[in-house]
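To start, the structure under review is shown below, and the notes come after it.
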Amino acid sequence: MRLVLVGPPGAGKGTQAVRLAERLDVPHISSGDLFRANLRDKTELGLAAQRYMDAGELVPDEVTVGMLRERLAEDDVEKGFILDGFPRTAAQADALDELLRDAGNELDAVVSLEVGEDVLVQRLLARGRTDDTEDVIRRRQEVYREETAPLLEHYAEQLVTVNAVGEVAEITDRIVDVLGPR
Ligand code: ADP
């Protein structure tokens, strides 16, 4: 199963991706986690990404695509994946399309998690990550609307939408239901 999760920051992509990875037995690949691991290890890539992350801006596509290309070349990805946080721009989506095409694969579905903006800001403020201050959160929402929301059209054919307000377990069930037997 090859899945992409999309949704604004705070929609619960990470939470749901972990649960889906377990249910579907495929690796969970989170661009944010990959960046944070690079930051922790003080790699060149991590240092290059830091100022963008701190400001709630997107890391430049070349850096992001390079990082994901490497991750998607690892062996465990052969059985599928759940992508969380990538792609986030049209250029990233094009790069992913090309990678998949070259490997003779395609996405099974793109799952859009739908949550209203006020709920999002409340959830993120409660989470308390260092880049979760109100200004940075609002900037990430803006970037989502401008850069990432248009991807929903790019993926119109594979798109399924899920109401992501409710209990965590209930939302996982909704996603699994909407994916149906594949
Ligand atoms: P959130 O979904 O709450 O914004 P993430 O952990 O997905 O949090 O991302 C944190 C930060 O990492 C983003 O604000 C951005 O700077 C960077 N980032 C993550 N994914 C991408 C991506 N696909 N392209 C560019 N930057 C990214």
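Counting starts at 1 for both ligands and their atoms, following the listed order. Computed from heavy atoms alone, side chains included, the values below leave out hydrogens, waters and symmetry copies.
You'll find the side chain of T89 stays beyond 4.5 Å of the side chain of T64, heavy atoms only. Counting heavy atoms from C-beta outward, T161 and L152 have side chains that stay 4.5 Å or more apart. A heavy-atom distance below 4.5 Å is not found between the side chains of L68 and Q92.
Atom 24 (N) of ligand 1 has its closest protein heavy atom at Q92 NE2, 2.9 Å. Scanning all protein heavy atoms for the shortest distance to atom 16 (O) of ligand 1 gives E57 O, 2.6 Å. Looking only at heavy atoms of the protein, atom 14 (O) of ligand 1 is closest to R140 CD, 3.1 Å. The single protein non-hydrogen atom nearest to atom 1 (P) of ligand 1 is R88 NH2, 3.6 Å, given as residue, atom name and distance. For atom 27 (C) of ligand 1, the closest heavy atom belonging to the protein is F35 CE1, 3.6 Å. Closest protein heavy atom to atom 8 (O) of ligand 1: R129 NH2, 3.2 Å.
The backbone N or O of G12 sits nowhere less than 3.5 Å from a side-chain atom of Q16 that would complete a donor-acceptor pair. R174 places a side-chain N or O within donor-acceptor distance of the main-chain N or O of N163, the cut-off being under 3.5 Å. Checked by atom type and distance alone, the side chain of K13 never pairs as donor or acceptor with a backbone atom of G85 at under 3.5 Å.
Within 6.0 Å of CD on E70 lie no more than 12 heavy atoms contributed by other residues, nucleotides or ligands.
Remark: ligand 1 and V59 share an N or O pair separated by less than 3.5 Å (distance only, no angle test). Checked against a 3.5 angstrom limit, the closest N/O atoms of D33 and ligand 1 fall outside it. Of the N or O atoms in G85, one or more lie within a sub-3.5 Å distance of an N or O in ligand 1. Looking at ligand 1, you'll find an N or O of S31 within less than 3.5 Å of one of its N or O atoms.
In summary, the side chains of D33 and H28 do not present any donor paired with an acceptor at a separation below 3.5 Å, with no hydrogens or angles considered.
Under 4.0 angstrom from ligand 1, the non-hydrogen atoms of T64 all belong to its side chain.
In this structure, R127 is part of the shell of residues with a heavy atom less than 4.0 angstrom from ligand 1.
Close approach to R36 involves these atoms of ligand 1, each under 4.0 Å from a residue heavy atom: 6 (O), 10 (C). Of all the atoms in ligand 1, the ones that sit under 4.0 Å from a non-hydrogen atom of K13 are 2 (O).
Taking each heavy atom of G46 and L39 in turn, the nearest pair found is O-CD1, 3.0 Å.
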